[in-house]
Amino acid sequence: MAMIELEDITKRYQKGGAPVVHALRGVSLAIGRGELVAIAGASGSGKSTLMNVLGLLDRPDGGRYRLDGREVSTLSAREQAGLRNTRIGFVFQAFHLLPRTSALENVELPLVYSDRTDIRGLGQRALELVGLADRVAHTPAELSGGQQQRVAIARALVNEPDLMLADEPTGNLDSESAADILATFEALHASGRTIVIVTHDAAVAARCPRRIRIADGRVVEDTRPLCAGADPIGPGAARPALQEVR
Amino acid sequence: MTRQRLLIESLRGLRRYQVRSTFVALGTLVGIALVTLVLSLNQGVQRKIGTTIRQIFGGDGILVGARGTSLLGGPRPDAARLTIDDIAAVAGAVPGIVAWDPQQVRPAAAVKAGARAATVRVLGQSARSPVVWDRPAIRGRFFDDDQVRTAARVAVIGESASARLFPGGDPVGQELLIESVPFTVIGVLQRFGTDIHGMDRDNEIVVPVTTLMRRVLNVDTIALAKLVAADADHADAVVEDVRRVLRERHALQPGQDDDFRLLTPREVREMSGMARRIMSTYVPLGATIVVAVSAAITALLMLSSVSRRRAEVGLRRAVGATAGDVGAQFTLETACMVGAGGLGGVVLGLAAAGHLARHLRVDSVDAGVAVLAGLALSIAAGLLAGWLPARRAARIEPAVALR
């Protein structure tokens with residue numbers, strides 16, 4: 001059983017009197033545990049909408065979304081918030097770090113909305129994992145772009161999610177920092193994490209073992225489609241704990 | 001997710017946006033301090049105003065002032081002439097008047113006693129002053145008609161003036177100089193206290209009006225006079241008689257304005273009624289408006305904070321906050337700022353009230369009512385100011401805010 005199963009997902013937008021935009025016109029795909037997948041496409045192709053649906057930030061108008069076999073698109077807002085907290089980690093193009101707030105406090109933010117204990121320890125370990133153990137007290141303004149994005153990755157990791165969703169994670173970075181961030185994702189993938197990177201950058205997509213291309217709200221190319229039951233690691237695989245990575 | 005963690009997040013929000021937080025807290029502090037101050041002194045000040053008005057005007061006194069003379073300040077250079085003879089003629093011609101007292105004043109006279117000097121308000125009055133103004137000498141004696149007729153250099157001194165010029169000693173029998181004119185102290189005035197302007201009415205010396213006019217001021221006019229009507233119910237008729245006699249003596253033609261001012265018992269009652277209305281209605285109303293304005297400013301600042309922090313809200317939702325968590329955080333942020341400002345305002349307002357009550361010698365401070373009202377108002381202001389921004393923050397769509 002795949003970790004993520006989308007079946008005929010559709011999503012329409014209409015703003016004011018503007019014509020209806022069909023952002024997703026029936027997307028079906030499956031992603032297995034431990035995969036590193038690029039979702040590529042031009043701007044306006046629907047890839048950001050797909051990412052919002054995958055991250056439970058937006059509800060599809062039609063279709064089914066099963067996470068570990070459980071239908072999640074129809075859950076209540078509160079239950080979806082709980083799933084975002086415990087099972088999904090987000091990385092954004094614009095980092096979205098809180099200003100005037102230390103790297104450590106930024107990383108701890110998801111734990112505010114969880115019932116985890118040892119917040120300090122988890123935050124520290126997540127920062128160590130991205131190589132920023134010596135920057136815990138720095139505020140975003142005191143960090144380079146690449147370092148800010150690594151703080152954001154640590155924040156996505158801190159609650160040990162099953163799935164990491166990265167939306168154009170290198171879009172705001174110079175090529176050296178971008179390579180650094182991609183290497184971080186590859187290391188996390190090597191340690192068993194499931195990562196989906198949404199990008200319009202062909203070079204970024206090329207570094208992922210599996211590439212799904214979206215155009216006009218449909219999947220037009222999938223380099224390694226997952227067949228049901230062909231999970232590379234297997235449904236019973238344990239989630240890697242933070243300590244085991246690196 | 002615990003409430004405690006949300007509260008800590010809210011406090012961190014206050015720290016992140018210190019300027020906004022400080023302004024909101026300060027705005028609330030000023031508003032609540034004003035409400036607390038006004039409410040805690042309201043009753044005491046109302047009683048004080050009533051007492052002072054009675055002390056100055058008496059129950060049924062009619063005050064006659066030369067035009068251009070302020071009743072408490074003294075004559076100005078362009079003041080119209082008003083003489084003792086004018087008032088004597090009025091008292092002789094109007095049967096309803098049972099007593100009268102002329103008054104001249106030197107508002108800030110240089111007074112010396114031995115090596116000590118003080119600035120004192122010096123009043124010139126008649127021997128009937130203790131009856132007409134209800135303020136006798138409590139030690140020694142007041143001057144008599146003979147001493148007024150002969151312009152004797154005798155003085156009756158108030159407690160504060162005495163304490164400055166004769167500290168620790170009995171002033172009666174002592175000598176002092178008023179603007180270099182020597183006087184003998186023959187008595188001590190009954191205590192008056194401060195009036196509503198905060199003026200110490202015991203820093204006064206009363207001398208015969210004739211002595212002040214001839215020997216100190218070198219004038220032949222008076223500043224004002226107080227007439228006592230026998231029957232307060234018919235005071236209006238008496239006032240009309242007084243006006244007629246004065247107009248005749250001043251040779252005023254019909255259509256010409258009075259060159260004097262009459263203050264009647266009815267006007268005094270209206271004045272004290274207005275003072276009461278101001279204290280009991282307009283002052284608390286004004287303070288409430290101040291609080292409402294500070295609440296509105298708080299709401300506006302929080303709304304602008306919400307729209308500047310849309311990405312933060314989107315992020316919080318993405319990492320697991322519910323819409324309710326986001327609303328709660330903004331509500332708590334507002335509550336902390338307004339609460340801190342409100343508490344500070346109550347403390348500051350009470351401190352100011354205590355200080356002012358001592359200064360004005362207001363007898364009572366109603367702390368209980370004021371504290372309750374101050375806290376209730378700040379809670380109401382906080383709820384009002386926090387509700388709309390919190391609702392707007394909770395309604396932000398995370399997918400849109402993170403775009």
Side-chain angles (χ1 to χ4, degrees), chain A residues 11 13 15 23 43 48-59 76-102 105-117 119 139-140 152 155-159 161 165 167-168, chain B residues 1-23 301 304-333 336-337 390-403:
Chain A
K11 180 74 186 175
Y13 292 108
K15 255 202 172 164
S43 61
S48 289
T49 305
L50 180 58
M51 147 118 181
N52 287 335
V53 170
L54 280 174
L56 297 174
L57 290 171
D58 215 346
R59 281 176 200 275
S76 72
R78 176 170 292 277
E79 287 169 309
Q80 287 193 341
L83 286 179
R84 286 198 300 272
N85 181 249
T86 54
R87 308 207 47 187
I88 301 171
F90 290 92
V91 178
F92 301 98
Q93 177 173 1
F95 319 144
H96 290 318
L97 298 177
L98 299 183
R100 279 160 276 176
T101 304
S102 73
E105 277 183 21
N106 264 297
V107 170
E108 289 166 1
L109 192 67
L111 304 177
V112 169
Y113 304 101
S114 77
D115 46 16
R116 300 287 295 261
T117 52
I119 290 182
T139 62
R155 182 181 61 200
L157 285 170
V158 73
N159 209 12
L165 288 175
D167 187 5
E168 302 281 7
Chain B
M1 194 272 313
T2 62
R3 297 226 162 105
Q4 193 192 348
R5 286 182 190 175
L6 258 190
L7 183 61
I8 291 170
E9 272 306 294
S10 304
L11 293 174
R12 285 175 176 171
L14 299 190
R15 193 192 56 192
R16 250 171 241 136
Y17 301 95
Q18 276 170 7
V19 175
R20 176 213 65 179
S21 308
T22 310
F23 268 100
L301 283 172
S304 101
S305 184
V306 167
S307 52
R308 280 192 299 123
R309 289 164 70 186
R310 287 175 60 82
E312 175 190 331
V313 170
L315 175 79
R316 287 180 186 277
R317 295 291 300 277
V319 301
T322 61
D325 291 338
V326 168
Q329 166 161 1
F330 279 94
T331 304
L332 282 171
E333 281 188 25
C336 288
M337 290 183 290
R391 199 176 67 143
R392 185 163 294 182
R395 288 186 173 179
I396 289 175
E397 286 291 333
V400 178
L402 287 166
R403 206 170 278 157

(message) Within this structure, what is the OG1-CD distance for the pair T322(B) and Q80(A), rounded to the nearest 0.5 Å?
(response) 12.5 Å
(request) Indicate the atoms forming the closest heavy-atom contact of A81(A) with A321(B), along with that distance. (result) CB-O, 4.0 Å
(request) Heavy-atom pairs under 4.5 Å with chain A are the metric here; pick the option from A311(B), G324(B), G320(B) that has the most. (result) G320(B)
(request) Sort out for me which of R100(A), R78(A), E105(A) touches chain B most, counting heavy-atom pairs under 4.5 Å. (result) E105(A)
(request) Taking atom types as modelled, find out whether R403(B) and S48(A) have a side-chain donor-acceptor pair closer than 3.5 angstrom. (result) no
(request) Would you mind telling me which of R316(B), E9(B), E312(B) has the largest number of heavy-atom pairs within less than 4.5 Å of chain A? (result) R316(B)
(request) Answer yes or no on whether R317(B) is positioned over the face of Y113(A), meaning its NZ or CZ is under 6.0 Å from the six-membered ring centre and within 45° of the axis. (result) no
(request) Give, for atom CD of E108(A) and atom CZ of R5(B), the distance between the pair rounded to the nearest 0.5 Å. (result) 10.0 Å
(message) If I measure from the heavy atoms of chain A, does R309(B) come under 4.5 Å with its side chain, its backbone, both, or neither?
(response) neither
(request) Please round to the nearest 0.5 Å and tell me the distance separating atom CD of E397(B) and atom CG of L57(A). (result) 10.0 Å
(message) Taking side chain as everything from C-beta outward and backbone as N, CA, C, O, which of these in I8(B) sits under 4.5 Å from a heavy atom of chain A? Side chain, backbone, both or neither.
(response) neither
(request) Using the side chain to side chain contact (heavy atoms under 4.5 Å, CB included) rule, take L98(A) and R12(B) through it: C-alpha gap first, then chi angles, then the decisive distance, then the call. (result) CA-CA 10 Å; L98(A) 299 183; R12(B) 285 175 176 171; over 6 Å; no
(message) Can you tell me which of L109(A), N52(A), D58(A), L97(A) forms the most heavy-atom pairs within a distance under 4.5 Å of chain B?
(response) L109(A)
(request) Would you indicate whether the side-chain heavy atoms of F90(A) and L402(B) approach each other to under 4.5 Å? (result) no
(request) Among L56(A), I88(A), I119(A), single out the residue with the greatest number of heavy-atom pairs under 4.5 Å to chain B. (result) I119(A)
